[in-house]
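So that the names make sense, note that chain A is the first sequence line, chain B the second, and so on, each numbered from 1.
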Amino acid sequence: MQKLVQKAFRYLKAKGKSLDEVEFVVLDLELTGLDPKVHEIVSAAWVTMCSDRIQLKSAMHIINSDVKQLDQSPVYHGIDEQTLNEGVSLEALMTELCDALHDKVLVCHNAYLDWGFIRLNSKALGLEALPLAIVDTMQIEKRRQLKQNTELHQDSLTLANCRTRYQLPDYEVHNALTDALATAELLLVLINKIGAGKPLKLSALM
Amino acid sequence: MTPEVAEVAKFVALQAPFSQLPEAATHYFVSHLEIVYLNKDNQSQWLKSTEPNLYLVRSGQYDLVNAKEEVITQIAEGDYFGFPSLLTGDAIQNRIEVSTPGLIYILNQTSFDYLRREYKAFEQHFVRAHANRLLSSHYQQKSDNWSEKKISELLTRKAITLGPDASIRDAAVKMSEHGVSSIMVTEQESLIGVLTDRDLRNRVLAKDVDPNMAINQVMTAKPKFIFENNRVFSALHLMLKHNIHHLPVLDENYTPLGMLTSTDLLRQQKSDPVQLIGRIYKATSVQQLRLYAQEIPALLKSFSHNIDDISVMGKLLSGLTDALTSRLIRIYQQEHGTAPCAFSFICFGSQAREEQTLHSDQDNGLLLPNNLTEAQRAYFKGMGEFVCEQLVECGIKRCPGNIMASNPECCGTLNEWSERFFKWIKSPTPQAMLNCKIFFDLRFIDGSNELYSDLCVSLERISKNELFFAAMATDINANSVPIGLFQQFKLEKSESKHKYLDLKKRGVVIINDIARLYALKAGVRRANTLERLDALTKFNLISAKDIYNLKDCWRYLTQLRLKTQLNKEGLPGNCIDPEMLTSLEKHQLKEAFYLIKQAQQACAFKFARGSL
Amino acid sequence: MDVKILTFIIVGLSFALYVGIAIWARAGSTKEFYVAGGGVPPVANGMATAADWMSAASFISMAGIISFAGYDGGVYLMGWTGGYVLLALCLAPYLRKFGKFTVPDFIGDRYYSQVARVVAILCAIFICFTYIAGQMRGVGVVFSRFLEVDIETGVYIGMVIVFFYAVLGGMKGITYTQVAQYCVLVFAYLVPAVFISLMMTGHLLPQTGFGATLADGSGVYMLDKLDGLSTELGFSQYTEGSKSMIDVFAITAALMVGTAGLPHVIVRFFTVPKVKDTRISAAWTLVFIAIVYTTAPAVASFARVNMIDTINGKDGNGTLYEEAPTWVKNWERTGLITFEDKNGDGRMNYSAGKISDPNSANEVNIDRDIMVLANPEIANLPAWVIALVAAGGIAAALSTTAGLLLVISTSVSHDLLKRTLKPDISDKQELLAARLAAMTAIAISAYFGINPPGFVASVVAFAFGLAAASFFPAIIMGIFSKKMNKEGAIAGMITGIGFTAAYIIYFKFISPELNAPANWLFGISPEGIGIIGMLVNFIVAAVVLKLTAETPKEVQDMVDSIRNPKGSGEAHAH
């Protein structure tokens, strides 16, 4: 109960913070499927961003060498057994990820999915993922589109289509890190579109 | 090691200079980048002097704007900006203006310096880019000066024209309809006369002429005119000289485009040297002229601080000399009676090229019609002597080579002049080449324009000789730029053991020579080097890019020449000691010399087939 | 000191001299010098022209051809000399008056036709190619001998040297470098000739020694001895040709008119500022060419006598291969002398016939291109003379190649690219295109230099024939007939080329077995057919002229004005 109150308090505090004060961790996970209970994390990649600047120096890309099934991934993400051997254990991956997320704002495109995997995996390993807040670029975009009364098609909210909408460059390579950067760039645009020059509070993104 | 983002690395690796650098350089660059979204709302945040960065455009379009709010260049994907201050440490003066927002990659000074230290090609790329930017900014500054503007920029209204058979009344109606003070009279698209308010007053009303008469009875026939791509300065000069208020503007095909009025010019800023020219044209005595001439040096000195482009200085000074000459001719005619036949006072060399400096001496001559009588010759001999002598009194030195109207050789008939030129063209000895370099830069000052045109036509015909062009090209190549085999400066030594580079002889002069050769080949009747080069864009002799480069080099060298002339003592005129230059300036100078060398070689190639 | 080192030193010194002069000329210090002296003196210009004119073919091969073919070889001597005279007297002065720098420009303007100009350009490029091919082989021979490598490697080395000299060195035909090259060349040619003449006949001048009695006390005339030797060995008599009179005439004439249009030499006439000086320098050129050309027959016969004497021995029974003089061994290494002991007596036996023919007694095959170079060795002259000849051969090749490469590179980059195909290229691109063209030319020529020389000979014949049948009539008619129009000229050129090319291709490439006097048209060999092609050209042009429109008035006036001796007064009268 106490934890719940704490969380609510953190949430409220976070909402009031201005964007310049917080650090974003823009994350993308590569997964073997969509169900956190069944499927596994293949790799995690993120870049950090603060004061409207993406820092490539902070880019991370960690591969889970413990992954058991590679049903869909090898074709889509270009990861094979050999790449896996360069990876670390799931525990090491999650430890690193949780450290990175601590007190930062987690940003994902379709955060519901990624966050589901993080929460479940961290719990299983006895770790605690405590981001300051979670921002979902897909949700932001969805709200914006609905507000403009645009009719939403099935895939009009994919990362690639959102980027095209804002004339961001097309990326051909697909891996977790590129997608993380792609999401970060999309976030930059969205912040600008929402703020239109005025300083924003974090709440505007949530 | 930081993992690099494949898409970023892929993009960067394709950009200069990384396409030529080892992978490690790209990796370092990519992993030290920051990415921002540059848009209208945050455009003022970037390019801060307090935080100099290198910016690389990933997407979007932007304008780089200088302190005078002029667009220096447009920037798009793959372009860099912000590097000049990283190289020089100078404060940033430009700002960025967003056309289309997009992503920008930012590299900070520390990382930039690291790459610069580690990879020579990286540094060279940016030093070169900076040099190019400086060269092109010289170009931009040029159009600031109003008198340097093209006439076409001042024209606001289309030409109001009437046929010669229209009645005076028609003309008056049309003028009031359009609210103009003058009308152009044209026949088959070409200008034959001008009718102004003042003509209606003085030639019609005052003389009680029937308004039903045709306008060709009262118009000013064969009016003075100017071409649209001439400079405003020339128009002003012409109007002051002939005391006219309306100047028809024609295009290259002599089709009337519109009328330039003195009010149009008044709207432009007034400047002192221009007023002085006006005063000179009104002077009535030699004493008065001398008095005015004394003002010239001081005036130019004060004026030189206000202008950026030295070519204006040359033009002003040539304009002043022209004015003095014209006035002296008028005074001579007042004293000795009107000229017994048509004549044309012409000038050569630097005065013709409008590159005169305070130290330039006289280069002029008289062009007379064929079949002169002895008495007529004597009259013009007197005129030549008078003008040259009085010019000396006005501070313009005698020509050591005696190229002056006072010299009987430079006071010849149309046939005599043609004969002279023909001799040089037929036997292009080195001495003849020297003469050609002076005499083929010629310009009309006063007298009969027709006579001068006849000479030009004649010269154009006899100079169409490829052996002559070959000899000129060979001659151009006998002069070499001061760059050695290993890209080092080749210095000359003065008597006082100063080491120096001669910017004029080994730079500007070569460009002048090259422009002259191409102009002769194309039949361009201009004397000014920049104008010649401009006119050459219409011909396929030399590519637009090479013309642009030559113009840039010419301006850069003249500018540098002026700058050092004002600053340095102890060196021969037009010379600089390269040790005084910053490494960036040295680099630019080498670049300029390199371009000249290339143009020189190309001349030898095109005209002399490489044989010397 | 051994020959190899001496060769390096002397060739190196000659190069240092050329480069030194080039630097001096480029330094700009010459400017005042030129002005003061009124330009290059006619004598110097004459030498420079002679250096341009005398190629490695003249220097190395001509004496070789005469040496082997005897009287028949003289056609080259006569043809090339005649070509020069024709050029100097009939073409250069008129082209100069016309104010055109190159022959294609002249043809293009005179026939007011872009097609005519392009045809002329392609012709010029083709002639230059075949010429350079000859040069490359010459340089290859020199290097292969003195660096003791095979001929192929020799050509590659020569290729690199020519590339550095002509392409990277700025591709400038600097007059004074050419003068130096002529001096080296003529010195290298004359020194051994004088030495050998003194040794063999006691005459100082090779030209008189040529017709004198031998100095061995036998009182036999040198040429008589040579005739005797030739007949003895199964060759035709040295002073009697094997070719028919008409064929000799045709070949000489074809060579003459073919060479008259050589583009790189014409330019030399235009770089002299004064017309009077042009005439004087043309006369000097003739003198300077004559010095070498009149020596050539003497060198040829001395070398022949010496060669036969040393190989077959004084008694004519053959020298033991084991005891063969060093020069034989040296040249064997280059592959230009081959020996096969067919009768197994261990002695070398040189006579007529091919070494591969089992019926022939000949056991030695000698490439004729080595005669001039081997001459001093055969005569046992000191090592420095041998080295000097190498330097001379290279000088001859370089001076001509530089000029020819310039023609090719300017024709490709300026005439074809800038003026015809892509007018908007920049100076930088134009210069680059020129370098690439020169490089390609060198590479292709090197290929021809390495591959069967018989092929090169065919192509050379082809080139001269084509030039004679196309270029020459167009120029002559352009100057001397103001009525000739473009239809006539183009039709003439095309039929001339077509006829000549068909004849040569038929006999040289399609049915080489029929290539014998009995099958020839009028008894004229493919080498000489160009002259018939020329006549065809004239006739076709005249016929077409009658059937087509008249030449525009202004072109006729222009032609009138070049031929009329009226001076400058006319030029600007109104």
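For NZ of Lys586(B), the number of neighbouring non-hydrogen atoms (other residues, nucleotides, ligands) closer than 6.0 Å is greater than 12. By the 6.0 Å contact criterion, NZ on Lys590(B) is enclosed, its count of non-hydrogen atoms from other residues, nucleotides or ligands being greater than 12. In this structure, Glu91(A) places its CD atom where only 12 or fewer heavy-atom neighbours from other residues, nucleotides or ligands lie under 6.0 Å away. The neighbour count for Gln148(A) CD, taken as heavy atoms of other residues, nucleotides or ligands under 6.0 Å away, is above 12.
In this structure, OH on Tyr37(B) lies 9.0 Å from CG on Leu190(A), to the nearest 0.5 angstrom. To the nearest 0.5 Å, atom OG of residue Ser51(A) and atom CD of residue Glu34(B) are 8.5 Å apart. For the atom pair CD (Gln55(A)) and CD1 (Ile35(B)), the distance works out to 10.0 Å, reported to the nearest 0.5 Å. The line from NZ of Lys193(A) to CG of Asp41(B) is 8.5 Å long, rounded to the nearest 0.5 Å.
Top candidate by heavy-atom pairs under 4.5 Å with chain A, chosen from Glu51(B), Gln45(B), Lys40(B), is Glu51(B). Counting heavy-atom pairs closer than 4.5 Å to chain B, the top-ranked of the candidates Met60(A), Glu185(A), Met49(A) is Glu185(A).
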Practice item. Test Asn42(B) against Asn192(A) for side chain to side chain donor-acceptor pair (under 3.5 Å), laying out the working first. Key: CA-CA 9 Å; Asn42(B) 67 9; Asn192(A) 171 251; 5.9 Å; no
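Only the side chain of Leu103(B) comes within contact range of chain A, with heavy atoms under 4.5 Å apart. For Leu177(A), the parts sitting under 4.5 Å from any heavy atom of chain B are the backbone and the side chain alike. Heavy-atom distances place no part of Ile191(A) under 4.5 Å from chain B, backbone and side chain included. For Val30(B), the parts lying under 4.5 angstrom from a heavy atom of chain A are both the backbone and the side chain.
Within the 4.5 Å cutoff, the side chain of Gln167(A) has no heavy atoms near those of the Ser59(B) side chain. No side-chain heavy atom of Val36(B) sits under 4.5 Å from any side-chain heavy atom of Asp52(A).
With respect to Arg163(A) and Glu7(B), no salt bridge is recorded, no charged nitrogen being found less than 4.0 Å from a carboxylate O.
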